[in-house]
Each structure stands twice: as C-alpha cells, then as structure tokens.
Colleague: 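Before I ask anything, here is the structure I am working with.
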Amino acid sequence: MERNQMHKHIFLMRQSFFDQGLLDEQFIQLEELQDDANPNFVEEVVTLYYRDSSRTLLNIEQSLEKNPLDFNKLDNYMHQFKGSSTSIGAKKVKAECTQFREYCRAGNGEGCMRTFQQLKKEYAILKKKLETYFQQTRQAGPSETACRPRMN
C-alpha cells in the first residue's frame, strides 16, 4: 500500500474507534503529549495499561470466585481498574466498570459476574484493535499532520 493510502487507512481506523464509542477525548489528550522526542508515547502508555491492568483483572476474577463475595474488595479493585481505563480513554471499558461498581454497591453478585464478562469482552476488543492500529502506524511511519477526530 502506498504511504499516503496507509495514512488514510490509519486515519479512518482511528476515527472508527471514536465512532464506535471505544475511545474518548482522553485518548486525544494522550496523543497531544506525543512529540518527536517521544514518538511512541501513546503506544507505550497503552502497552503499560494492558500489562498492569491484566493483574487487576486477575485479582477481580479470583475475588469473584470466592464465596461470599467481598463487594468492598471488588469495588476497590474495579475503582483502580476504572481509573487506569479512564487514563487511556477506554470509553466502553470505563462504562462497564461503572456498571460493575453499581452492582457492587447494591450487593448484586450476579450483576457483577455478568458485567465482568462484558467488561473482559470490551477490554479484549479494544486491545486487539489498538494493537493493529499501532502496528500499522509503525509500518506507515510518521504522518505530516495530526487531525482531531469528530466526536459524537
């Protein structure tokens, strides 16, 4: 694929993340921190997010297997995970975190289990899409101009 076509494809892919509600304004703010001195800043932050958050998800999963459920502990883990997710602009993941925490406060174990499964799904979808995006961005090289996506 020609370089200009690759950049257009990457632009459209990135825009789709916002159109689908996967990412929010926070991701754009991360991009604005990226510069020539640190051209892979956003990718590095997202990579750290996925590395660190996998441990938190494991803690939540293990806590959900205990009986009785410790809703306070689950809420604390999810609070931590939601903060990390918010920092990269993971909009759908953050929404699932909010729902999970509401179920914790209500003492609804079934709701927590159901929401956690949906959260893991959204987390995996975003991870796969961002991995592809960063891989293609590296292959295409730097673009001449950065554009802010249309926000819905």
Side-chain angles (χ1 to χ4, degrees), residues 7 9-35 37-140 143 146-152:
H7 283 290
H9 173 74
I10 291 166
F11 171 80
L12 294 173
M13 180 190 308
R14 180 179 167 275
Q15 181 62 49
S16 74
F17 300 158
F18 295 93
D19 294 344
Q20 295 168 24
L22 295 170
L23 294 175
D24 64 20
E25 182 75 21
Q26 182 61 37
F27 188 81
I28 297 166
Q29 290 176 9
L30 276 180
E31 289 179 319
E32 290 172 351
L33 295 173
Q34 187 164 286
D35 59 20
N38 197 354
N40 300 319
F41 177 75
V42 177
E43 183 177 4
E44 290 168 7
V45 169
V46 170
T47 300
L48 285 171
Y49 162 75
Y50 277 103
R51 189 191 72 204
D52 294 346
S53 62
S54 64
R55 284 188 293 245
T56 306
L57 286 176
L58 183 62
N59 289 337
I60 294 168
E61 192 139 26
Q62 290 171 345
S63 294
L64 284 169
E65 292 168 359
K66 294 192 168 118
N67 201 358
L69 292 176
D70 184 341
F71 290 107
N72 230 11
K73 186 184 234 181
L74 284 166
D75 187 53
N76 286 335
Y77 283 140
M78 192 56 72
H79 176 72
Q80 178 184 354
F81 183 72
K82 181 180 177 185
S84 299
S85 300
T86 299
S87 73
I88 68 156
K91 188 176 181 178
K92 282 189 176 183
V93 173
K94 183 174 77 170
E96 293 300 328
C97 292
T98 300
Q99 184 65 57
F100 184 96
R101 293 189 73 203
E102 288 174 15
Y103 283 133
C104 281
R105 290 186 194 108
N108 182 338
E110 188 179 305
C112 286
M113 301 277 196
R114 202 174 44 247
T115 304
F116 187 64
Q117 294 309 312
Q118 184 62 33
L119 182 148
K120 288 194 309 183
K121 185 175 149 191
E122 295 297 345
Y123 176 86
I125 288 168
L126 183 61
K127 182 178 184 183
K128 187 172 175 26
K129 288 182 181 258
L130 286 174
E131 284 172 348
T132 301
Y133 171 73
F134 290 129
Q135 178 185 15
Q136 290 186 13
T137 301
R138 283 192 309 273
Q139 288 174 349
S143 61
C147 301
R148 290 178 74 84
R150 297 181 319 273
M151 298 302 290
N152 294 341

Colleague: After noting the C-alpha distance and the side-chain angles of Glu61 and Lys120, does the key distance pass the side-chain contact (heavy atoms from CB on, under 4.5 Å) rule?
Modeller: CA-CA 10 Å; Glu61 192 139 26; Lys120 288 194 309 183; 3.0 Å; yes

Colleague: If you measure from NZ on Lys82 to OG on Ser87, what distance do you get to the nearest 0.5 Å?
Modeller: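 It comes to 13.0 Å.
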
Colleague: Just how far is it from atom CG of Asp52 to atom CG of Leu57, taken to the nearest 0.5 Å?
Modeller: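 Going from CG on Asp52 over to CG on Leu57, the span is 11.5 Å.
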
Colleague: Side chains of Phe100 and Leu74, heavy atoms from C-beta outward: is any pair under 4.5 Å?
Modeller: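 Phe100 vs Leu74: side chains touch.
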
Colleague: Check the pair Glu43, Thr137 against side-chain contact (heavy atoms from CB on, under 4.5 Å), reporting the backbone distance first and the verdict last.
Modeller: CA-CA 10 Å; Glu43 183 177 4; Thr137 301; over 6 Å; no

Colleague: How about Gln80 and Asn59: do any of their side-chain heavy atoms sit closer than 4.5 Å?
Modeller: no

Colleague: Looking only at non-hydrogen atoms, find the nearest pair between Val93 and Ser85 and report the distance.
Modeller: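 The pair with the smallest heavy-atom distance is CG1-OG, 3.4 Å.
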
Colleague: Which distance, rounded to the nearest 0.5 Å, do you find between the CD1 of Ile10 and the CZ of Arg138?
Modeller: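 So the gap between those two atoms works out to 10.5 Å.
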
Colleague: Hey, are the side chains of Asp75 and Phe71 touching, using non-hydrogen atoms and a 4.5 Å cut-off?
Modeller: no

Colleague: Counting the benzene-type ring for Trp, do Tyr123 and Tyr50 have ring centres under 6.0 Å apart?
Modeller: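 Yes, the ring of Tyr123 comes within the 6.0 Å limit of the ring of Tyr50, centre to centre.
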
Colleague: Are Leu22 and Glu122 side-chain neighbours, meaning at least one heavy-atom pair lies under 4.5 Å?
Modeller: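 Answer yes - side chains close enough.
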
Colleague: Where do Phe41 and Asp35 land on the side-chain contact (heavy atoms from CB on, under 4.5 Å) test, with the steps shown first?
Modeller: CA-CA 8 Å; Phe41 177 75; Asp35 59 20; over 6 Å; no

Colleague: Starting at CZ of Arg14, measure out to CG of Asp19 and round the result to the nearest 0.5 Å.
Modeller: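 Result: 11.0 Å between the selected atoms.
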
Colleague: Evaluate the side-chain proximity of Ser63 to Asp70: yes if any heavy-atom separation is below 4.5 Å, no if none is.
Modeller: no

Colleague: So do Gln26 and Thr86 actually touch side chain to side chain, heavy atoms under 4.5 Å?
Modeller: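 The answer is no; the side chains never approach within 4.5 Å.
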
Colleague: Side chains of Met78 and Ile60: does their closest heavy-atom pair fall under 4.5 Å?
Modeller: yes

Colleague: Please list, chain by chain and in numerical order, all residues satisfying salt bridge (Lys or Arg N to Asp or Glu O under 4.0 Å) with Glu110, sequence neighbours excluded.
Modeller: Arg114

Colleague: Quick one: pull up CZ in Arg105 and SG in Cys112 and give me the separation to the nearest 0.5 Å.
Modeller: 10.5 Å

Colleague: Between Cys97 and Phe81, which heavy-atom pair has the shortest distance, and what is it?
Modeller: SG-CD2, 3.3 Å

Colleague: Which is it for Glu102 and Thr115 under the side-chain contact (heavy atoms from CB on, under 4.5 Å) test, yes or no, and what are the steps along the way?
Modeller: CA-CA 10 Å; Glu102 288 174 15; Thr115 304; over 6 Å; no

Colleague: Tell me whether the centres of the aromatic rings in Phe17 and Phe27 are closer together than 6.0 Å.
Modeller: no

Colleague: Taking atom CD of Gln118 and atom NZ of Lys92, what is their separation to the nearest 0.5 Å?
Modeller: 8.5 Å

Colleague: Mind checking whether Leu23 and Leu126 have side chains closer than 4.5 Å, heavy atoms only?
Modeller: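 In contact.
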
